[in-house]
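Input: a single structure, listed below in structure tokens.
A note on names: the letters A, B, ... follow the listed sequences, proteins ahead of strands, and every chain is numbered from 1. Keep in mind it's a predicted model, so treat the numbers as computed, not measured.
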Amino acid sequence: MEVPIAAPPPLVRLDGIRKSYGRHAPVLDDVSIAVQPGEIFGIVGRSGAGKSTLLRCVNLLERPDAGRVDVAGQDMLALDPAALRTARRGIGMVFQHFNLLSSLTVAANIAFPLAIAGTGRTQQRERVRELLGLVGLTDKAEAYPRQLSGGQKQRVGIARALASRPSVLLCDEATSALDPETTGEILDLIRGLRDRLSLTVLLITHEMAVVKTLCDRVAILDRGRLVETGAVFDVFTRPRSAIARRFVAEVIGDDVPPGAAGRLPPPADHEECRVLRILFAGPNSTRAVISEVSRRFRLDLNIMSGRIDEIGGEPFGLMAVAAYGEPAQIDAGMAWMQGLGLDVTVHS
Amino acid sequence: MTWLTPTMQDLLLDAAVETAQMVGLSALVAVVLGLPLALVLHVTGAGQLSPNRLVNLALGGLINAVRSVPFIILMVAIVPFTRVVAGTSIGTLAATVPLAIAATAFIARLFETALREVDPGLVEAAQAMGATRLQIVTRVLLREAAPGLVAAITVTLVSLVGYSAMAGAVGGGGLGDLGIRFGYQRFMPAVMATVVVLLIVVVQLLQSLGDLLVRRLTRR
Ligand SMILES: Nc1ncnc2c1ncn2[C@@H]1O[C@H](COP(=O)(O)OP(=O)(O)O)[C@@H](O)[C@H]1O
Ligand SMILES: [Mg+2]
């Protein structure tokens, strides 16, 4: 008998979340996301888009005006205060400005969630030692936060967030206060922890580079509305919304350099000039295809930009070409390339 | 030093003890009453742990009212109350009552300011970990505000030393009173100078001690 493999239920599900402050435009307007167990899900958006508010709706630091919040199968909005506090222990949170207690040592900061949960001293010490090892700060146990660098402080913040063995880690701009090198280290750490502890991570950021290096899936939030959700590779290679294209362009550059289209020579009589955006995902060789399409369809191809990049270990090439030729030939060339599995669109 | 007769030595010593009593006792009362008041004032503020506009406004208004009454008037105005609490309306203990009331209002405001200096992010982090409100107050607010709270106590002690001089008006005695009675009214400038020097030394000591403690507590 065949048993259908059902997708696992999402670990975090936000459904139809709405939130406004006073009579201003809503900060969140009907936002729904579902985060699968074990994935790293990113929410990007400009400053003020509502990212932090959305993230805070997960552990109900912010109560939505409407909508549903489910974490690990629990309807969070239905919990009484005591049950909510217990549920929050299963949701770790990491902050942009670390939010460590300045009066406590690193070890005491990491033990803080355990102390408030009433864990015994010996167990606390044991767990703190484990966590210090996990984030690579074993020698800093007795230091105070002010004696640490930003990256070290965030490691403490992460260790603290993991102390109660949560199933979900929420990261609010966890690397936005760090320099690029330290950012890379912290992103590596988060990915490593996800792999080792089978954590589920929901992070928000205004930096698309963070999404590119760390996330599996991404949602784009713009003025309180979700404009696009998808696998990171798909959103980067085939952004559908204008805002997604702008975010993607920040990281992998624009397809067509601004102004370049205006500098193209005019086409000859009966010919046309069309700017094509060609996406090669997978093993196809860029150059062979370009020269072959040029020969087969008697097209003049003027390469305007091209690059090879990699997202989540998957390589892809992106090229913008100005194609000169008879309209029918350009159509045929496009169809031929599409037949090879390339993604060809006309640049508008 | 012909003026420093054994009698005068006794007077100075008595006065010093009276000042210590007035300042010490009223500061103790102020800390004990002022801290809960400051906590209530703080947590009932907008966007805080237990926002409550009514309680916040009422308490804030009361504290401001007490603080805006000149001490000399406060002292006279509450004489009936003083009589109930101290059993008398004159003497060191009687002077301590208005001092304690003024100091409570004063320190409550200073404590509240110290609590407000605690980064709200820390409260939020504790909430995200599932801390109760009581845990947040004791383990986050009070602990993180400790240096500010100690600084507030220092400022209050120093102010009380000055205010206690006015206690002579209700027969409270103390160093300030001695300075006025002998130094000014009986024209003994040496007594006045001695009293002033003593007060300066006491204030310096209090301030240095407070600063030392604040430094010890500050890990930032
Ligand atoms: N407590 C609040 N009261 C009023 N407005 C708020 C509050 N919190 C957030 N906002 C507003 O909501 C919008 C989204 O804020 P936020 O979620 O912090 O955005 P982001 O994290 O994307 O930068 C902003 O315009 C902000 O001013
Ligand atoms: Mg934010």
Taking every non-hydrogen pair under 4.5 Å, which of Ile91(A), Leu101(A), Leu60(A), Asn59(A) racks up the most with chain B? Leu101(A)
Value for CG (Leu100(A)) from CD (Glu144(B)), rounded to nearest 0.5 Å, stands at 9.5 Å
Just checking Arg216(B): does its CZ atom have more than 12 heavy atoms from other residues, nucleotides or ligands closer to it than 6.0 angstrom? no
In terms of heavy-atom proximity below 4.5 Å to chain B, should Leu61(A) be classed as side chain, backbone, both, or neither? side chain
By residue number, those in residues 120-142 of chain B with heavy atoms under 4.5 Å from heavy atoms of chain A are Gly121(B), Leu122(B), Glu124(B), Ala125(B), Ala126(B), Gln127(B), Ala128(B), Met129(B), Gly130(B), Ala131(B), Thr132(B), Gln135(B), Arg139(B), Val140(B)
Using non-hydrogen atoms only, which part of Ala82(A) is less than 4.5 Å away from chain B: side chain, backbone, both, or neither? neither
Just wondering, are more than 12 heavy atoms of other shown residues or ligands nearer than 6.0 Å to OH in Tyr163(B)? no
At a heavy-atom separation under 4.5 Å, does Leu84(A) approach chain B through its side chain, its backbone, both, or neither? neither
Surrounding CG of Leu213(B) (heavy atoms of other residues, nucleotides or ligands, distance under 6.0 Å), is the total greater than 12? yes
Toward chain B, the part of Pro113(A) with a non-hydrogen atom under 4.5 Å: both
More than 12 non-hydrogen atoms from neighbouring residues, nucleotides or ligands closer than 6.0 Å to CZ on Phe81(B), yes or no? no
